[in-house]
Amino acid sequence: EMNFKERMYRINGSVVATMIQNAPIQSQQGFQEDMSVGSGGNLRVGKYGGDWRGSVRGRWESDKLDPNDIGLLFAPDEYSVSGWVQRRLNPEEGSYLTNGNINVNYYQSWLFAGRAFEDPANPGTELWSYQPWNQQSTGFNINGWGQNRSRWSMWFGWWHDFPGTSKYRTRFFDGVRGPLMSTGRADGFWWGMSTDWRKDVNWELEFDGNINEFGGGGWSTDLDLRWVQSARMNHTASIGYRKTFNDAQWMNNYASIPGVPQIGGVSYVFGELDNQTVDLTLRSNILFTRRQSLEIYVQPFISVGSYAKPRALAAPDSRDLQAYDDPEFSASDFDFRYASLNANFVYRWEYLPGSTLYLVWTHARGQWEDRASADNPNNFDPGFSRGLIFDNEPENSFQVKLSYWFSI
C-alpha cells in the first residue's frame with residue numbers, strides 16, 4: 001500500500017498463488033506429480049480526501065485458485081471491476097443540512113475460465129459450454145445521505161442490475177455442477193431516517209423494495225427503538241417484516257423422466273415462492289451496582305412460504321423455464337413454516353476485584369414444518385400462527401462460570 005499527498009491518494013493491491021498437487025502419475029522415468037497453479041489478486045487506486053472522492057478497483061481469481069487450506073475463499077473463477085465517485089456536501093453556516101454526500105457506484109464481473117461439459121448419454125459429445133469472459137453481473141447504484149441541525153439523518157438509494165448469468169442457481173447433481181442460468185434486469189431502492197441519537201429516546205426506520213423483469217420482487221421494513229432509561233439502564237427493540245415473491249426459486253434437481261424438460265438427463269426444477277418473515281429483537285442492559293449487572297436478549301422469529309408452478313430449465317445459459325409435469329411431484333409439498341424463540345439472560349457479579357461470577361440461562365424453542373411431512377397435509381396452513389412458537393417443547397440450559405484473580 002502506498003499513500004500520497006498526506007494520505008489523500010492511495011494505491012493498494014495484492015497477488016496470491018496456490019499450487020494444487022493431484023495424484024502422482026506413473027511414467028517411464030518414475031513418478032511425476034500433476035500440478036496446477038492458480039492465481040488471484042487485486043489493485044485499487046483512489047482519492048480519499050477533499051470534496052470529490054472515489055476509487056477504481058480490479059480483481060481476479062482464476063479457476064484454479066484454491067486457498068481453502070488457510071480458510072479464505074472469495075469468488076474463484078471470476079474477474080471483477082468496480083468504481084465509485086462521491087461528492088461530499090459542505091453546506092454553508094445556517095443551512096438546513098449540516099453534512100451529507102452523494103455517491104455513484106458501478107460494478108461488473110465475468111467468469112474467468114471457459115468450460116465444456118460432456119453429454120452423459122452420448123460420450124464424446126458436448127452438452128453445453130461457455131467461453132472465458134462470460135459476463136456474470138453488471139449494475140450500478142446512486143445513493144445519498146444527509147443530516148440536519150437537529151441531528152436527524154436521512155438516506156436513500158436506487159440500484160439497477162443488467163441481465164447476466166449465474167453459475168450457482170442450478171446447484172449440483174451427483175457431484176456435477178449444473179449449467180449456467182440467465183438472470184434478468186432488476187431495479188430496487190432503499191430509504192431510511194433516524195432521529196437524534198443523543199436523546200434518551202430515539203428511533204430509526206428503514207424501507208426497501210425491488211422488482212425484476214420476470215415479475216419477482218418484494219419489500220421490507222425495519223423499525224429500531226432505543227430508550228436510555230437512566231445511566232444504569234437502557235433498552236432496544238427492533239421489529240422487521242419482509243414479503244418477497246421469487247419467480248424462480250430453486251426446489252431440487254431430479255433424474256429426468258420422459259416428457260419433462262431436462263438437460264443431460266437432469267431436470268433442474270424451480271418454482272414460484274411467496275415468502276413472509278417477521279422478527280422481533282429485544283435487548284435490555286441493567287447495571288445494579290458497579291459490580292452487578294444483567295443482560296437480557298429475546299428474539300422471536302417466524303417465516304412462512306408457499307410454492308407454486310414448478311418449471312424446469314430447458315436450455316443451458318438461458319431463462320427458458322418450462323412446465324415440469326411429473327404426476328408424482330407437487331410444488332405445494334414444499335410449503336413450509338418455521339418459527340423460533342431464543343432468549344438469553346446473563347447475570348454478572350464481580351464479587352472481588354478481578355474475580356467474577358456469571359450465571360447464564362438460555363431458553364430456546366423452534367419448529368420447522370412442511371406440507372410433505374405434516375401429519376395431515378391437506379390441513380397444512382403455511383401462515384402465521386402463535387402456536388408455531390409456543391406449541392413445542394423448549395430447551396433450557398443453565399451455565400455457571402466462576403473466575404478468581406490471583407495477585408502475583
Side-chain angles (χ1 to χ4, degrees), residues 99 143 145-157 188-210 218-244 274-305 336-349 358-368 382-399:
N99 202 355
N143 64 83
W145 169 83
Q147 185 180 78
N148 65 16
R149 285 177 290 175
S150 299
R151 294 297 189 271
W152 284 49
S153 299
M154 186 175 73
W155 52 95
F156 65 90
F189 74 94
W190 69 92
W191 174 89
M193 67 179 300
S194 64
T195 61
D196 188 352
W197 57 270
R198 301 170 302 175
K199 302 294 185 181
D200 291 343
V201 178
N202 56 79
W203 53 268
E204 179 177 304
L205 176 66
E206 288 188 291
F207 185 82
D208 66 78
N210 66 87
W219 62 274
S220 68
T221 184
D222 293 276
L223 175 63
D224 297 332
L225 301 172
R226 182 170 179 266
W227 175 29
V228 181
Q229 186 175 354
S230 68
R232 296 188 176 190
M233 196 177 305
N234 64 76
H235 317 277
T236 59
S238 303
I239 185 169
Y241 174 77
R242 291 162 182 79
K243 180 175 176 59
T244 60
D274 194 346
N275 177 229
Q276 297 182 73
T277 301
V278 174
D279 65 89
L280 174 66
T281 303
L282 304 173
R283 298 175 185 269
S284 289
N285 296 286
I286 304 170
L287 184 65
F288 301 110
T289 67
R290 294 178 58 186
R291 296 186 175 184
Q292 297 184 67
S293 64
L294 176 65
E295 295 183 10
I296 302 173
Y297 169 88
V298 180
Q299 184 189 55
F301 175 91
I302 300 178
S303 184
V304 298
F336 69 89
R337 54 184 188 177
Y338 171 73
S340 67
L341 173 64
N342 294 297
N344 295 314
F345 302 85
V346 181
Y347 173 75
R348 176 183 177 276
W349 174 32
Y358 292 95
L359 302 177
V360 182
W361 171 32
T362 299
H363 176 92
R365 58 175 74 209
Q367 183 169 281
W368 165 271
F384 291 123
S385 170
R386 175 182 175 277
L388 279 173
I389 294 180
F390 298 103
D391 291 349
N392 53 77
E393 290 294 328
E395 294 182 3
N396 293 286
S397 63
F398 300 90
Q399 301 178 54

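Between Ser150 and Arg198 the shortest heavy-atom distance is O-NH2, 4.4 Å. Across all non-hydrogen atoms, the minimal contact from Pro382 to Gly305 is CB-O, 3.7 Å. The two residues Asn202 and Asp196 make their nearest non-hydrogen contact at CB-O, 3.4 Å. Contact record, Leu282 with Ala237: CD2-CB, 3.6 Å, taken as the closest heavy-atom pair. Of all non-hydrogen atoms in Trp203 and Leu225, the two that sit nearest each other are CB-CD2, 3.4 Å. Counting all heavy atoms, side chain and backbone alike, Ala339 lies closest to Ile389 at CB-CG1, 3.8 Å.
Listed by chain and residue number, Arg291, Gln292 satisfy the side chain to side chain contact (heavy atoms under 4.5 Å, CB included) test with Thr289 (two or more places apart in sequence, or in another chain). Residues forming a side chain to side chain contact (heavy atoms under 4.5 Å, CB included) with Asn99 (at least two apart in sequence, or on another chain): Trp145. In this structure Trp227 satisfies the side chain to side chain contact (heavy atoms under 4.5 Å, CB included) test together with Val201, Gln229, His235, sequence neighbours excluded. With sequence neighbours excluded, no residue satisfies ring pair (Phe, Tyr, Trp, His ring centres under 6.0 Å) with Trp197. With sequence neighbours left out, the side chain to side chain contact (heavy atoms under 4.5 Å, CB included) criterion links Asn210 to Trp159. For Trp191, the ring pair (Phe, Tyr, Trp, His ring centres under 6.0 Å) test picks out no residue, with sequence neighbours left out. With sequence neighbours left out, Arg290 forms a salt bridge (charged side-chain N to carboxylate O under 4.0 Å, His left out) with no residue at all. For Phe345, the ring pair (Phe, Tyr, Trp, His ring centres under 6.0 Å) partners at least two apart in sequence or on another chain are Trp361. Shown here are the ring pair (Phe, Tyr, Trp, His ring centres under 6.0 Å) partners of Trp155, two or more places apart in sequence or in another chain: there are none.
Expressed to the nearest 0.5 Å, how far OG of Ser194 lies from CH2 of Trp152 amounts to 9.0 Å. Note that CZ of Arg337 is 12.5 Å distant from OG of Ser303, once rounded to the nearest 0.5 Å. In this structure, CG on Asn344 lies 4.0 Å from OG1 on Thr362, to the nearest 0.5 angstrom. Atom CD of Gln299 is separated from atom OG1 of Thr281 by 4.0 Å, given to the nearest 0.5 angstrom. The line from OH of Tyr241 to CH2 of Trp219 is 5.5 Å long, rounded to the nearest 0.5 Å. One distance of note links CG of Leu287 with OG of Ser293; it measures 6.0 Å at 0.5 Å rounding.
For the pair Thr221 (side chain) and Glu206 (backbone), a donor-acceptor distance under 3.5 Å is present. A distance-only check finds no donor-acceptor pair linking the side chain of Asn396 to the backbone of Ala364 [under 3.5 Å].
Within the 4.5 Å cutoff, the side chain of Leu359 has no heavy atoms near those of the Trp349 side chain. Asn275 places a side-chain heavy atom less than 4.5 Å from the side chain of Phe336.
Legend: salt bridge (charged side-chain N to carboxylate O under 4.0 Å, His left out) pairs involving residues 274-287, not counting sequence neighbours, sorted by first then second residue: Arg242-Asp279, Lys243-Asp274. A ring pair (Phe, Tyr, Trp, His ring centres under 6.0 Å) check over residues 281-305, counting only residues at least two apart or in different chains, returns nothing. Among residue pairs with one or both ends in residues 224-236, none qualify as salt bridge (charged side-chain N to carboxylate O under 4.0 Å, His left out); sequence neighbours excluded.
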Would you sort out whether Tyr358 and Gln399 count as a side chain to side chain contact (heavy atoms under 4.5 Å, CB included), showing the intermediate values? CA-CA 8 Å; Tyr358 292 95; Gln399 301 178 54; over 6 Å; no

Dump the intermediate steps for side chain to side chain contact (heavy atoms under 4.5 Å, CB included) on Val298 and Leu341, then the final yes or no. CA-CA 7 Å; Val298 180; Leu341 173 64; 4.0 Å; yes

